[in-house]
Amino acid sequence: MNKVFRAASDVGGTFTDLVLYSSGADGGEVKTSKVDTTPPDFEQGVMASLKKLDVDPAQLDFLAHGSTVVINAITERKGAKTALITTKGFRDVLEIARGNRPDLFNFNFRKPKPFVERYLRLELPERTDYHGTIQTPVDLSPLAAQLEFLKEQGISAIAVAFLHAYINPANEARAAAEIRRLWPQVSVLASHEVSREWREYERTNTTVLSAYVHPNAEAYIDRLEKCLASEGFRGNPFMMQSNGGITTSDAAKRNPISMVESGPASGIFAAAYLGALIDQPNLIVLDIGGTTAKCALIADGQVRISTEYHIEKTQKSPGYPIQTPVSEIVEIGTGGGSIAWVDAGGKLHVGPQSAGADPGPAAYGRGGGHVTTTDANLVLARIDPASFVGGEVEPDWDSIDRAFSVLQKRLSMSREAVAHGVVQIANANMVNALRLVSTNKGHDPRDFALIAFGGGGAMHALPLAEELGVRKVIVPVNSSVFSAWGMLLTDLRRDYVQTNPMQFESDNFPKILQGFADLQRAAIDAYRGDGVARTDEDVSFEFHADMRYEGQEHTVKIAVATGAKLARESLMAATDVFHAAHEQRYTYRLDNAVQLVNFHLVAVVSVDKPPLATRAVTGASLESASLGTRVVDFHPHPRCEARIFDGSKLEAGMRISGPAVIQERAVTLPVWSGNNVSVDEFGNYHVELA
């Protein structure tokens, strides 16, 4: 039997992770690597991660890939120069935006600047009403002159977003087709190709952002495919999406905004998969990387998916809406490379600026002159200098001393006191984010376990759990590359969301069943067109409905049924499910009539998944994994001598009592006195908090 090689690559802001699974007659084996991310040529980091494991791309049978190329292009404003063509009279939708002002009493408040300046927002005469009836066919006669103007302005991407195109895209499709005919070289995306939901501002902004990143994303995927092909890879990589599924590279090129949060999504779905294996259906998810920390919640084994996603949303800014299916996450600029700094008033902050991979934390010795969270953990002896960056880097203590001296002088504090402050502020930032996905959504953290992964997840998990009142922390096996591993566990997934408001009552059930059936047909045709489904039976479905009380503005998403078909009986029970979900989210229910606003179909094509290997039990003693002792600062718990263990040598069933530190090549788990750690059959750490 020939070996089968499956790989997954996750490009983060600081590191590029790779997980390689090989299986054959002698069983399966998992190897991992972590290398520096290489912006702007991210594909070089992917190739370096393969080379580090001596992987021949020609051997690979499957490769899944997640990247920050889309979100980076948006946040760094490095996308294409983009124009918008819209319905006559609606060029200012992007400017008007929404009236919400998070910073209510700030009279200097300014709405976020649109990604398309006003002189590049052009109009065509056309009108479709909200029923989908074309009242005015699109007039394409001004288009040729408009495109000549856009060529003169150096435009390389065009977004087309017409009024009510979500319900009938005929006018919009004609305009987009004519643009492609007249100007084949320009990148064109129409709103109906990106989103079929209502809300004019959100849909238009989503289309603009997808067009804005389209040339970058397409060029990046092309470069990745060429690099892999030049090394002998015979297939095409699958791309991770924000909805927790993978898709073909061609589909990702057609709608790149679907990859806006691809890395975090895979980690969340991997957590749900692992939770099902170890009987932990309720999880608060924490993913701490080098640049950011991501938080999510899994209730009853289910990951919440929403199209109400925003980037750059803060307490003072409404940010930018993106109407694409995204795992419900909260992401903050706090990670291992987050820079500590002091403001003009003498207050210490941590993040959101990051040292990245180059120059990285001061301890890397690459010229980084700022204190980071990683540097603080080194100073407090939570990180073992001998195994820093997997033992590949010796900490540059001179650089650490110089970086800390700046903050010590500003704050008139000792080095250890500054390090305490940096870690405490980083933890406070993350606790606030964890509350946003738990208590703020009507969930009691004490009913959940905290699962922590990423390079810094284990390092910070216990103090965060203690603050939230969580009684159990789980650190999964291979936690530093957990998101990459999750990509090997994900299926091909596409979400079809269609706005078509109607009363949710028995008289409309035939129309509702037909609405879902139409989406099913579209999904099957799309999969078969991409060559990933040979028969209708290759595609499975989940049915969701975005519902609300009559008179309300926003909706609550509920699952209606799962399977090949949706039955009338499933619809009969959906109203009760909605009432309960609304009460959990908002603490009340109403007697008002219920409306269905959006049809949401999830179409899945399953792929083979590697099993999670069990850890061998040889009967070795706990002492065989001991690395001795060292004094560790567990602040706010006492500084004391702790036992140090090599996590790679711990076996299933072993138990450790704090104070202790469990360390692997890229993972450090500090456990203070009173807490106990056990190792399960897969090699996951379970920490029971006192």
Side-chain angles (χ1 to χ4, degrees), residues 98 130-132 164 166-167 195-203 206 243-244 296-310 321-328 437 440-443 493-520 522-523 541-563 565-604:
R98 292 292 173 193
Y130 69 97
H131 293 297
H164 301 306
Y166 64 88
I167 194 72
S195 170
R196 298 297 295 270
E197 282 191 73
W198 65 0
R199 303 193 186 284
E200 202 63 22
Y201 166 57
E202 286 79 359
R203 182 166 55 87
T206 303
N243 63 4
L297 185 131
I298 299 170
D300 297 325
Q302 300 300 310
V303 179
R304 294 179 180 271
I305 300 293
S306 173
T307 55
E308 296 179 359
Y309 174 70
H310 292 74
I322 297 180
Q323 207 175 57
T324 192
V326 177
S327 309
E328 280 195 2
V437 301
N440 285 27
K441 297 290 180 69
H443 298 280
R493 169 175 171 150
R494 294 180 184 175
D495 288 67
Y496 294 82
V497 183
Q498 174 69 66
T499 297
N500 190 4
M502 64 185 69
Q503 295 296 107
F504 196 77
E505 56 191 17
S506 58
D507 288 349
N508 281 332
F509 283 178
K511 190 186 298 184
I512 294 170
L513 292 171
Q514 186 59 49
F516 276 113
D518 292 342
L519 294 180
Q520 285 180 273
F541 300 99
E542 297 174 15
F543 304 88
H544 302 266
D546 293 334
M547 299 168 68
R548 67 182 183 183
Y549 289 116
E550 188 173 22
Q552 283 186 324
E553 174 70 6
H554 295 286
T555 61
V556 174
K557 186 181 298 294
I558 67 163
V560 181
T562 299
K565 293 183 178 180
L566 178 66
R568 187 182 183 93
E569 290 72 25
S570 303
L571 297 177
M572 297 286 286
T575 303
D576 291 336
V577 176
F578 165 73
H579 287 307
H582 190 281
E583 185 172 22
Q584 181 185 49
R585 184 73 176 267
Y586 299 110
T587 74
Y588 69 91
R589 61 176 70 195
L590 299 174
D591 293 329
N592 299 33
V594 175
Q595 291 181 320
L596 183 151
V597 176
N598 296 321
F599 295 79
H600 182 176
L601 178 77
V602 178
V604 174

Are the side chain of Asn508 and the backbone N or O of Gln503 linked by a donor-acceptor pair below 3.5 Å? yes
Close side-chain approach of Asp495 and His600, heavy atoms under 4.5 Å: yes
One should read off an interatomic distance between Leu590 CG and Glu583 CD, to the nearest 0.5 angstrom, of 10.0 Å
When you measure from the side chain of Gln323 to the backbone of Trp198, do you find a donor-acceptor pair of N or O atoms at a distance under 3.5 Å? yes
Heavy atoms only: give me the nearest Ser327-Gly244 pair and the separation to one decimal. OG-N, 4.4 Å
Let me confirm one number: the OH-CD1 distance from Tyr130 to Ile167, rounded to the nearest 0.5 Å. 11.5 Å
Checking Asn592 side chain against Glu550 main chain: does a donor-acceptor pair fall under 3.5 Å? yes
Rounded to the nearest 0.5 Å, how far does OH of Tyr496 lie from CG of Leu519? 9.0 Å
Min side-chain heavy-atom separation Arg568-Ser506 under 4.5 Å: yes
Using the ring of each side chain (for Trp, its six-membered ring), is Tyr549 parallel, tilted or perpendicular to Phe578, with breaks at 30° and 60°? perpendicular
Parallel, tilted or perpendicular, judged at 30° and 60°: which one describes the rings of Tyr586 and His582? tilted
Could you tell me whether a side-chain N or O of Gln498 sits under 3.5 Å from a main-chain N or O of Tyr166, the two making a donor and an acceptor? yes
With the side chain counted from C-beta on, respond yes when Arg98 and Glu202 share a heavy-atom pair under 4.5 Å apart, and no when they do not. yes
On a heavy-atom basis, which atom in Val560 and which in Ser570 lie closest, and how many Å separate them? O-CB, 3.8 Å
Any side-chain heavy-atom pair of Leu513 and Leu571 under 4.5 Å: yes
Paired with Asn598, the side chain to side chain donor-acceptor pair (under 3.5 Å) test is passed by just one of Thr307, Thr499, Asn500, namely Thr499
Minimum-distance pair of heavy atoms, taken over all atoms of Glu308 and His310: O-ND1, 4.1 Å
Apply the test side chain to side chain contact (heavy atoms under 4.5 Å, CB included) to residues Leu601 and Phe543: give CA-CA distance (whole Å), side-chain angles for both, the deciding distance (0.1 Å), then the verdict. CA-CA 5 Å; Leu601 178 77; Phe543 304 88; 3.6 Å; yes
Other residues, nucleotides, ligands: >12 heavy atoms within 6.0 Å of Met502 CE: yes
Between Lys441 and Glu328, is there a side-chain heavy-atom distance shorter than 4.5 Å? yes
Is it the case that atom NZ in Lys565 sees more than 12 heavy atoms from other parts of the structure closer than 6.0 Å? no
Close side-chain approach of Arg196 to Phe599, heavy-atom, < 4.5 Å: no
With no hydrogens and no angle check, just 3.5 Å: does a side-chain donor-acceptor pair link Gln595 and Arg548? yes
Taking atom NZ of Lys557 and atom CD1 of Ile305, what is their separation to the nearest 0.5 Å? 9.0 Å
If I take atom CZ from residue Phe504 and atom CD1 from residue Ile512, how far apart are they, to the nearest 0.5 angstrom? 5.0 Å
Determine the minimum heavy-atom distance between His544 and Ala559, stating which atoms define it. ND1-CA, 3.6 Å
Considering only NZ, NE, NH1 and NH2 on the basic side and carboxylate oxygens on the acidic side, decide whether Glu553 and Arg199 come within less than 4.0 Å. yes
Can you measure from CG (Asp546) to CD (Glu197) and round to the nearest 0.5 angstrom? 6.5 Å
